[in-house]
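Everything numeric here is computed off the predicted structure, so don't read it as measured data.
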Amino acid sequence: MAGRKSRYTTIENKSIKNKIWSVALYIRLSQEDSDNGTEKQESNSVTSQKTLLNEFIEEHDDLIVYDTYIDDGFTGTDFNRPSFQRLLEDMRNGSINCVIVKDLSRLGRNYIEVGNYIEQVFPLFNIRFIAINDSVDSFKNPASTNTILVPFKNLINDEYCRDTSIKIRTSLNGKKKKGEFIGAFPSYGYIKDEKDKHKLVIDEVAADIVRKIFNWNVNEGVGKIAICHRLNDLGILNPTGHKKLELGQNYNNYGIRDNTYTWTPSTVRNILNNEIYIGNTVQGKRRTKSYKIHKVEAVPKEEWVKVENTHDPIIDKETFEKAQELSRRDTKVSQKTQELSVWAGFLKCADCKRAMNKKSSTNKSGSKYEYYICSTYRKKSNNLCTKHSIKVENLSQAVLQAINLHINLLINTEEIVKQINDVGESITRPQIIDNMIVEKQNEIFKISNFKMRLYEDWKNNDITREEYLEYKQKYEIDIERLKKNIERLENEKQKYERQSINSNEWIEKFREQKGINELSRDIMMELIDCIYVKENGDIKIKFKFEDEFKRCLEYIENNKVNIFKKMA
């Protein structure tokens, strides 16, 4: 029996010795490897890895290459790599039984995942694993996969990746704060400067389309869907089509599958809301969770990195702000004209503060007319709110009359303020404040001199150290108190200066509309913030710049002595 056991053992050993291995050569190269020196970078290149692996195969007759799997440009922090996933599939169906890599870092740089593959996954599928430069061979030297060196090297590889991630994030954040563009592709309307890839220049072909989009939306009141129809009817390529076909960029938008490159409302909306068109660079809107978890998440708006005036604008700021105000309003376009109503987004119920809905009806004479009613009453319940009905004709007359009255009142107020400002010999409140600020600044100068002499007195032994510290603290408290007083006075001065309307843009907006006899959406956007409709059909208009108007009245009240002096 003993002899038979020995013979069987010899046959088994001979069979194992002559086993032929179906080999998967795995090669990986990522961007993080290019951060090494030139020598290390070349060592990790795809060509270098392939040469090393093939030389190893030539030296071993029992190794037959089934396939070579290359992931070029993929990080080692996870295993969601196309070629590695193909390798796993071939492993599961039995096509391969041996995996060879240059070293452990080529398999991956995630300490936990690499250890799991070496200690769990590969043994489960009877896969021989070889890492040439790290002297790891799970078949010839099983202990080599279980030594402390393997997890230690994996940990070093993981730490290297973490350190690289931190350095890259720090560098990119620094560029963002400087206003340098760090994205792969700029927004539609811009291209990268050929001399500086972090600077944007205008792409005139696309910029002309951007200007049209803003003009249609802001000045003509055309909705996003109607803008899409116009662009598609004109045969204009959407941003993806422009980048791929007209600029020849290697740009992919995985949301587009049919390659028709047509415009959608969301694309138009993104353009209308993008600050890049007024010369601002806004970056950091999305980020990966960590260097291991590559899931992209949205960043809260308050954490975005915005730098103003980094490149030439395509749209002026006033037009852009009008577009933002339009997008904030609850507006719907007409199904027939595909254009916004003059009243869209302005009308609200005076009681429930919800939007008003437009309806149409026919009177006894057969004439059609339009009117608005409370959306809560119409859509939810007449127990929650009342009808608040108002005809469009009556609404137009009331708003037009209110605007003209408001404009006349403002112009009269302007004349009174001009009289105040023309009283040159009178001492105005801002001048008094200036004098008070100078007095406070002089006090700070005196106390600072006292404080400086205090140190000399201590060094000359004229006062004790305790006295020095006591007086020093008192002087510092007095200086801080005076600084706060100056800050308060400067704020008060700014408030009074804002009350002067000689150079205010807001009064110019009202003056431009003097004597209007027809409402337009442009006028509504310029002058009105909201219109509240009451149950009895009366309206309350909340004009823009009401705070500025109130300050003008306060200015008149505070300076009425100067008015009487001027009249005398």
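Heavy-atom contacts from other residues, nucleotides or ligands closer than 6.0 Å to NZ of K199 number 12 or fewer. More than 12 heavy atoms of other residues, nucleotides or ligands sit less than 6.0 Å from atom CD of E303. With a 6.0 Å radius and a threshold of 12 heavy atoms from other residues, nucleotides or ligands, E487 has its CD atom at or below the threshold.
Annotation: salt bridge (Lys or Arg N to Asp or Glu O under 4.0 Å) contacts involving residues 266-281, sequence neighbours excluded, comprise E275-K306. Applying the side-chain hydrogen bond (donor to acceptor under 3.5 Å, both in side chains) test to residues at least two apart or on different chains, the pairs with a partner in residues 471-484 are K451-E476, K472-E476, K474-D478. Listed by first and then second residue, the ring pair (Phe, Tyr, Trp, His ring centres under 6.0 Å) pairs that reach into residues 265-285 come to none, sequence neighbours excluded.
Partners of E246 according to the side-chain hydrogen bond (donor to acceptor under 3.5 Å, both in side chains) rule, which considers only residues two or more places apart in sequence or in another chain, are H242. R378 pairs by the side-chain hydrogen bond (donor to acceptor under 3.5 Å, both in side chains) definition with N357, not counting sequence neighbours. Taking F185 as the reference, Y251 meet the ring-ring contact (aromatic ring centres under 6.0 Å, His included) condition, with sequence neighbours excluded. When the side-chain contact (heavy atoms from CB on, under 4.5 Å) test is applied to K353, the partners found at least two apart in sequence or on another chain are Y532. Not counting sequence neighbours, the partners of N536 by the side-chain hydrogen bond (donor to acceptor under 3.5 Å, both in side chains) test are D538. By the salt bridge (charged side-chain N to carboxylate O under 4.0 Å, His left out) test, E194 pairs with no residue at all, sequence neighbours left out. Residues satisfying the side-chain hydrogen bond (donor to acceptor under 3.5 Å, both in side chains) criterion with S266, sequence neighbours excluded, are T264.
With hydrogens and angles ignored, the 3.5 Å screen pairs no side-chain donor or acceptor of E370 with any backbone N or O of K391. Between the side chain of S396 and the backbone N or O of V392, at least one donor-acceptor pair lies under 3.5 Å. For the pair N232 (side chain) and C228 (backbone), a donor-acceptor distance under 3.5 Å is present. No side-chain donor-acceptor contact under 3.5 Å links E180 to the backbone of H198. Side-chain N or O atoms of K322 include none that pairs as donor or acceptor with a backbone N or O of K317 at under 3.5 Å. Between the D316 side chain and the E318 main chain, a donor and an acceptor come within less than 3.5 Å of each other. Side-chain atoms of S375 come within 3.5 Å of backbone atoms of A355 as a donor-acceptor pair (strictly under, hydrogens ignored). Using modelled atom types, one side-chain atom of Q324 and one backbone atom of L272 make a donor-acceptor pair closer than 3.5 Å.
Side-chain contact annotation: S187 with N274, donor-acceptor N/O pair under 3.5 Å present. Side-chain polar atoms of E535 and T386 form a donor-acceptor pair below 3.5 angstrom. For the residue pair T267/N270, the side-chain donor-acceptor check at 3.5 Å is not satisfied.
The closest side-chain heavy-atom distance from I541 to I539 is below 4.5 Å. Residues I213 and L231 are in side-chain contact: their nearest non-hydrogen atoms beyond the backbone lie under 4.5 Å apart. Here the side chains of V399 and I528 are in contact, with some heavy-atom distance below 4.5 Å. The side-chain heavy atoms of N219 and F214, taken from C-beta on, include no pair separated by under 4.5 Å. Residues Y188 and D203 are not in side-chain contact: their nearest non-hydrogen atoms beyond the backbone lie 4.5 Å or more apart. L347 has its side chain within reach of L395: a pair of non-hydrogen atoms, C-beta onward, lies under 4.5 Å apart.
Pairing each heavy atom of W263 with each of V268, the nearest pair is CE3-CG2, 4.2 Å. Contact between L200 and H311 at its shortest, heavy atoms only, is O-CB, 3.7 Å.
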Could you go through residues 204-211 and list every donor-acceptor pair under 3.5 Å that involves a side-chain atom there, pairing it with any protein atom two or more places apart or in another chain?
residue: D208; atom: OD2; partner: K212; partner atom: NZ; Å: 2.8

List the atom pairs, donor and acceptor, that lie under 3.5 Å between side-chain atoms in residues 437-447 and the rest of the protein, sequence neighbours left out.
residue: N442; atom: ND2; partner: V438; partner atom: O; Å: 3.3

request  = Dump the intermediate steps for ring pair (Phe, Tyr, Trp, His ring centres under 6.0 Å) on H388 and Y377, then the final yes or no.
outcome  = CA-CA 9 Å; H388 291 74; Y377 171 85; 8.6 Å; no
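Within the model, atoms CG of D193 and CZ of F181 stand 13.0 Å from one another, a figure rounded to the nearest 0.5 Å.
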